[in-house]
**Student:** 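Below is a structure I'd like to ask you about.
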Amino acid sequence: MQNELKQKNEELDDLRNRLSSLSASKLDGDPNITDLGDPNRPLKLVERYQQLYDNLWTDIFDELTDSYHDVDNSAEREKMAAMEIMSIFEVFNSDENASNIDISTIRNIRKSNAQQTLPSIVQQYARQNEQELSGLIKDFAEECIAICWLTQVQDPPIAFEFNYDHGVQLDKDLMREFTVSGDIVDYVVWPTMRLTSDGPVMVKSVVQPIKKKR
């Protein structure tokens, strides 16, 4: 428990340092960043994205891992749970889902009223998703929709990366390890968040490496 708390504190310190560095260099003069009156500016979305992983993601992961009680291998249960959660995020971050929303609505939306239009966006995504969601999964899905929508109305949009193939080298500038140490990626737990598609990393992805053999 003490080691876990220490790791969380180190992660928070790392996030604060990264945001501070970005604010001082890459982000200065950008009205999307420096408009402190905007509750959905990128730095606030970074915090919201991090909180989604630290809170709801963790609760759902524990719940799903327990649900795979018929799988004997604990590492396999964790992998199944993590990949199921990732699939939810991918659905709501996909171009296909974005294109299903009335394009005229998107074109007429301004960032300043994105928060007001968010409930209708959530409802529209929910109607398109045939699977019935409830409980923690529903809460998680709705927050995923909100974050994906609010990141897309930025100019330019904030980007997520999660297509790191099994077997690629773990890049510690982009990724951090999940529960084991290793140099080769097994699977992605949580996506990288970038300021733009080719911009600076705001939040590192979480990946599970292939466990090193002793």
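FYI, the numbering just counts along the sequence from 1.
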**Student:** What residues, two or more places apart in sequence or in another chain, satisfy side-chain contact (heavy atoms from CB on, under 4.5 Å) together with Ser197?
**Tutor:** Ala159
**Student:** When Ile, Leu, Val, Met, Phe, Trp and Tyr are grouped by side-chain heavy atoms lying under 4.5 Å apart, directly or through other members, which residues fall in the same group as Val180?
**Tutor:** none
**Student:** If we ignore hydrogens and angles and just use 3.5 Å, is the side chain of Arg194 paired with the main-chain N or O of Ile158 as donor and acceptor?
**Tutor:** no
**Student:** Count I, L, V, M, F, W, Y as connected when their side-chain heavy atoms are under 4.5 Å apart, and connections chain through other members. Are Val168 and Phe160 then in the same cluster?
**Tutor:**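 Val168 and Phe160: one cluster.
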**Student:** Could you please spell out the steps behind the side chain to side chain contact (heavy atoms under 4.5 Å, CB included) verdict for Leu170 and Glu177?
**Tutor:** CA-CA 9 Å; Leu170 190 148; Glu177 296 156 323; 3.8 Å; yes
**Student:** Are Ile137 and Ile88 close enough that some pair of their side-chain heavy atoms sits under 4.5 Å apart?
**Tutor:** yes
**Student:** For the NZ atom of Lys44 and the CD atom of Glu47, what is their distance to the nearest 0.5 Å?
**Tutor:** 4.5 Å
**Student:** Please assess Thr179 against Gln208 for the test side chain to side chain donor-acceptor pair (under 3.5 Å), listing each intermediate value before the final yes or no.
**Tutor:** CA-CA 7 Å; Thr179 60; Gln208 185 73 306; 2.6 Å; yes
**Student:** Mind running side chain to side chain contact (heavy atoms under 4.5 Å, CB included) on Val71 and Met80 for me, showing each step along the way?
**Tutor:** CA-CA 10 Å; Val71 179; Met80 292 168 69; 3.9 Å; yes
**Student:** How many angstroms lie between CD1 in Ile60 and OG1 in Thr65, if you round to the nearest 0.5 Å?
**Tutor:** 11.0 Å
**Student:** If I compare all heavy atoms of Val46 with all of Met202, which pair ends up nearest, and what's the gap?
**Tutor:**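 It is CG2-CE, 3.3 Å.
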**Student:** Any heavy-atom pair between the side chains of Val203 and Tyr53 that's under 4.5 Å?
**Tutor:** no
**Student:** Identify the two heavy atoms, one from Val185 and one from Met175, that lie closest to each other, and give their separation to 0.1 Å.
**Tutor:**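 Closest heavy-atom pair between Val185 and Met175: CG2-SD, 3.8 Å.
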**Student:** Calculate, to the nearest 0.5 Å, the distance between atoms CZ and OG belonging to Phe162 and Ser205 respectively.
**Tutor:**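 Reported value, rounded in 0.5 Å steps: 11.5 Å.
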**Student:** What distance do Ile145 atom CD1 and Leu150 atom CG have between them, rounded to the nearest 0.5 Å?
**Tutor:** 11.5 Å
**Student:** Start with the C-alpha distance between Tyr164 and Thr192, add both sets of side-chain angles, then the distance that settles side chain to side chain contact (heavy atoms under 4.5 Å, CB included), and finish with yes or no.
**Tutor:** CA-CA 10 Å; Tyr164 302 122; Thr192 304; 2.7 Å; yes
**Student:** What distance do Met193 atom CE and Leu45 atom CG have between them, rounded to the nearest 0.5 Å?
**Tutor:** 5.5 Å
**Student:** If you take all heavy atoms of Cys148 and Phe89, which pair is closest and at what distance?
**Tutor:** SG-CZ, 4.1 Å
**Student:** Taking the side chain as everything from C-beta on, heavy atoms only, tell me whether Ile184 gets closer than 4.5 Å to Pro209.
**Tutor:** no
**Student:** Is it the case that the side chain of Glu63 and the backbone of Thr58 share a donor-acceptor pair, with hydrogens and angles ignored and the cut-off at 3.5 Å?
**Tutor:** no
**Student:** Parallel under 30°, tilted from 30 to 60°, perpendicular over 60°: which one fits the rings of Phe178 and Phe61?
**Tutor:**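 Ring orientation of Phe178 relative to Phe61: perpendicular.
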**Student:** Taking Thr196 for its side chain and Pro157 for its backbone only, find out whether a donor-acceptor pair lies under 3.5 Å.
**Tutor:** no
**Student:** Rounded to the nearest 0.5 Å, what separates atom OH in Tyr49 from atom CH2 in Trp57?
**Tutor:** 11.5 Å
**Student:** Would you say Leu174 and Val201 make side-chain contact, with heavy atoms under 4.5 Å?
**Tutor:** yes
**Student:** List the residues meeting side-chain contact (heavy atoms from CB on, under 4.5 Å) with His166, not counting sequence neighbours, and say none if there are none.
**Tutor:** Asp186, Ile210
**Student:** Could you walk me through whether Tyr187 and Glu78 pass side chain to side chain donor-acceptor pair (under 3.5 Å), step by step?
**Tutor:** CA-CA 11 Å; Tyr187 60 91; Glu78 291 179 353; 5.2 Å; no
**Student:** Does Asp183 have any side-chain contact (heavy atoms from CB on, under 4.5 Å) partners at least two apart in sequence or in another chain, and if so, which?
**Tutor:**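 If we apply the side-chain contact (heavy atoms from CB on, under 4.5 Å) test to Asp183, skipping adjacent residues, the hits are Gln169, Lys212.
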**Student:** Which residues satisfy the side-chain contact (heavy atoms from CB on, under 4.5 Å) test with Ser67, sequence neighbours excluded?
**Tutor:**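 Partners of Ser67 by the side-chain contact (heavy atoms from CB on, under 4.5 Å) criterion, ordered by chain and then number, come out as Leu64.
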**Student:** Around Asp72, counting heavy atoms of other residues, nucleotides and ligands shown, do more than 12 lie under 6.0 Å from its CG?
**Tutor:** no
**Student:** Tell me, please, which residues at least two apart from Glu143 pass salt bridge (Lys or Arg N to Asp or Glu O under 4.0 Å).
**Tutor:**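 So Glu143 forms a salt bridge (Lys or Arg N to Asp or Glu O under 4.0 Å) with Arg48.
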**Student:** Quick check against the 3.5 Å criterion: does Lys204 have a side-chain atom that pairs as donor or acceptor with the backbone of Lys172?
**Tutor:**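 Answer holds: yes.
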